[in-house]
Number of protein chains: 2
Amino acid sequence: MSSIEVVSPTIEEYLEAIYRLEKKKGSAKTGDLAKELNVALGTITNTIESMEKQNFITHKPYKGVNLTKKGRKIALDVVRRHRLSERLLTDVLHIDWSKTHDAACKLEHAIADKDIIKPLEKVLGKPKTCPHGNPIPSESGKVIEEKSELLANLGLGKEGIIVKVTDERPDMLQYLATLGLVPGANVQIEEKAPFNGPIIVKVMGASYALGRNVASVIWVKKNE
Amino acid sequence: MSSIEVVSPTIEEYLEAIYRLEKKKGSAKTGDLAKELNVALGTITNTIESMEKQNFITHKPYKGVNLTKKGRKIALDVVRRHRLSERLLTDVLHIDWSKTHDAACKLEHAIADKDIIKPLEKVLGKPKTCPHGNPIPSESGKVIEEKSELLANLGLGKEGIIVKVTDERPDMLQYLATLGLVPGANVQIEEKAPFNGPIIVKVMGASYALGRNVASVIWVKKNE
DNA sequence: AATATATATACGATGAATCGTACTTTTATT
DNA sequence: AATAAAAGTACGATTCATCGTATATATATT
Ligand SMILES: [Mn+2]
Ligand SMILES: [Mn+2]
Ligand SMILES: [Mn+2]
Ligand SMILES: [Mn+2]
């Protein structure tokens, strides 16, 4: 029986953060983790040392840490619980998608039990993604990532469907929602200002100028 | 603004356990708490000393602890979250009532935020009780306790409606459910054996012999 | 190549929560 | 009232997660 190892909520948070950073930048640097987890640098050094001893991660000083197979397995389970929690919050409790991330980040540790997570997944209708479009790992840790590209990289005149949003700060999500920039929405590039200037996009008939920072958290699937 | 004080999950658990024991026995003894919380006696002594310093409880050695006003306020909020969690588990996730208590005891700490608990309460339809019939404290800490008496104390031939069940051990709840002894069910006393012997009750047409231990966790509202 | 800047580590210290054993006090029994 | 049993407390120790300051190393800039 290869059931998933039980670790403290703290270690789960570390694994979750490492997973995200690894996905985004290839590895998780001490400093990034300190910011992400809101703790002092020395704390990170301590904890990753202990996590390395437990074979959850490998660490190359000044290069960052990476998940081992063992660590990734747990991380994926945390991410799974996180994203199912988000779905519960939006789909069942009707909470705004801008508020779900922080709440889910606590909830995820309280629903580790299979007797809870399985019924939850079922009631939600086995959703494939979180409300922000990120894939929900399967029970066995499989992640089906829909192919997509950054809105910021889409060519002039091209259009596509928003697949996911990879910045879950409440203010960012609120802003995106007011423009209708949510997963499933159709967007077209109308203009791209030079020198990394704004991008004008058309959504639901309306046009908006987006900064590159914003256009770089939105992933779309190009229409053929 | 008298918003509720934030304490650690551990202290919340202590307050919750003290609330229950106080309700059941008038006060919470060190030993009872050790059993309830599954920690060593010395740990209880330590923690209640610290809790007394923070004015959450008063403590008379060998007599037990009691909640202060301040402590009770927090305890009621924890109990509120616990019972709303149980409702979520049974009503939304369709989890059996015998499994909800333990799961809720973790969940309750992850849904302290007003932005979560209010929508949850609303979605559940502002339930008055947990699945076991115990009242859900209001946001302001009001508890509306329906008048009821122990099934074990009901006279021969009398009948009533089950109001609540005050033992939430999984095996007890499973047993009660198989007999149909759940809140709302009508029961009648058919026989009471002497010397604290079994009680024969009629439920839904069937008759069952219940030990006094069982009849002493079931509370009923006598018909007329 | 030398220096400056960013990044990471070492180290000593703290607080919360826990344990187990030894000791003390209260309550029950004779 | 003396003694036994039960209940509670004291105390020293451990582990986890954290902090902040001082020090070290690597990378970027000149
Ligand atoms: Mn989290
Ligand atoms: Mn999400
Ligand atoms: Mn609890
Ligand atoms: Mn209950």
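Proteins come first, then strands; the chains are lettered A, B, ... in the order of their sequence lines, and each starts at number 1.
Going from atom CD1 of Ile48(A) over to atom C1' of dT18(D) covers 15 Å, rounded to whole Å. Whole-Å rounding puts the Asp32(B) CG to dA6(D) P distance at 15 Å. Atom CD of Glu49(B) is separated from atom P of dT9(D) by 10 Å (rounded to the nearest Å). Atom CE in Met51(A) sits roughly 13 Å away from atom P in dC16(D) (whole-Å rounding). Atom CG of Leu33(A) and atom P of dC19(D) are 13 Å apart (whole Å). One atom, CD of Gln54(A), and another, P of dT15(D), lie 13 Å apart when rounded to the nearest Å. Rounded to an integer number of Å, the gap from NZ of Lys29(A) to C1' of dA8(C) is 10 Å.
Checking His82(A) against His101(A) by side-chain atom types alone, a donor-acceptor pair falls below 3.5 Å.
Atom NZ of Lys106(B) has 12 or fewer heavy atoms from other residues, nucleotides or ligands within 6.0 Å. Within a 6.0 Å sphere centred on NZ of Lys99(A), other residues, nucleotides and ligands contribute 12 heavy atoms or fewer.
Salt bridge present: Glu12(A) and Arg81(A) bring a charged side-chain N and a carboxylate O closer than 4.0 Å.
Using a 4.0 Å cutoff on non-hydrogen atoms, the parts of residues 60-68 of chain A near DNA chain C are Pro61(A), Tyr62(A), ordered by number.
Residue contacts shown for Thr30(A) are limited to sugar-phosphate atoms, with no base heavy atom under 4.0 Å away.
Here the NZ-OG distance, from Lys128(A) to Ser138(A), works out to 12.0 Å after rounding to the nearest 0.5 Å. Once rounded to the nearest 0.5 Å, the distance linking CZ of Arg83(B) with CG of Asn134(B) reads 4.5 Å.
Of the side-chain N and O atoms in His59(B), none sit less than 4.0 angstrom from OP1 or OP2 of dG8(D).
Applying the salt bridge (charged side-chain N to carboxylate O under 4.0 Å, His left out) definition to pairs two or more places apart or across chains, those involving residues 49-68 of chain A are Glu49(A)-Lys53(A).
Not a single donor-acceptor pair under 3.5 Å links the side chain of Ser216(A) to the backbone N or O of Asn213(A).
Ile189(B) places a side-chain heavy atom less than 4.5 Å from the side chain of Leu151(B).
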Original post:
What string of B, S and - do you get for nucleotides 11-20 of chain C, 5' to 3', if B is base contact, S is sugar-phosphate-only contact and - is no contact with any protein heavy atom under 4.0 Å?
Top reply: ------SBB-
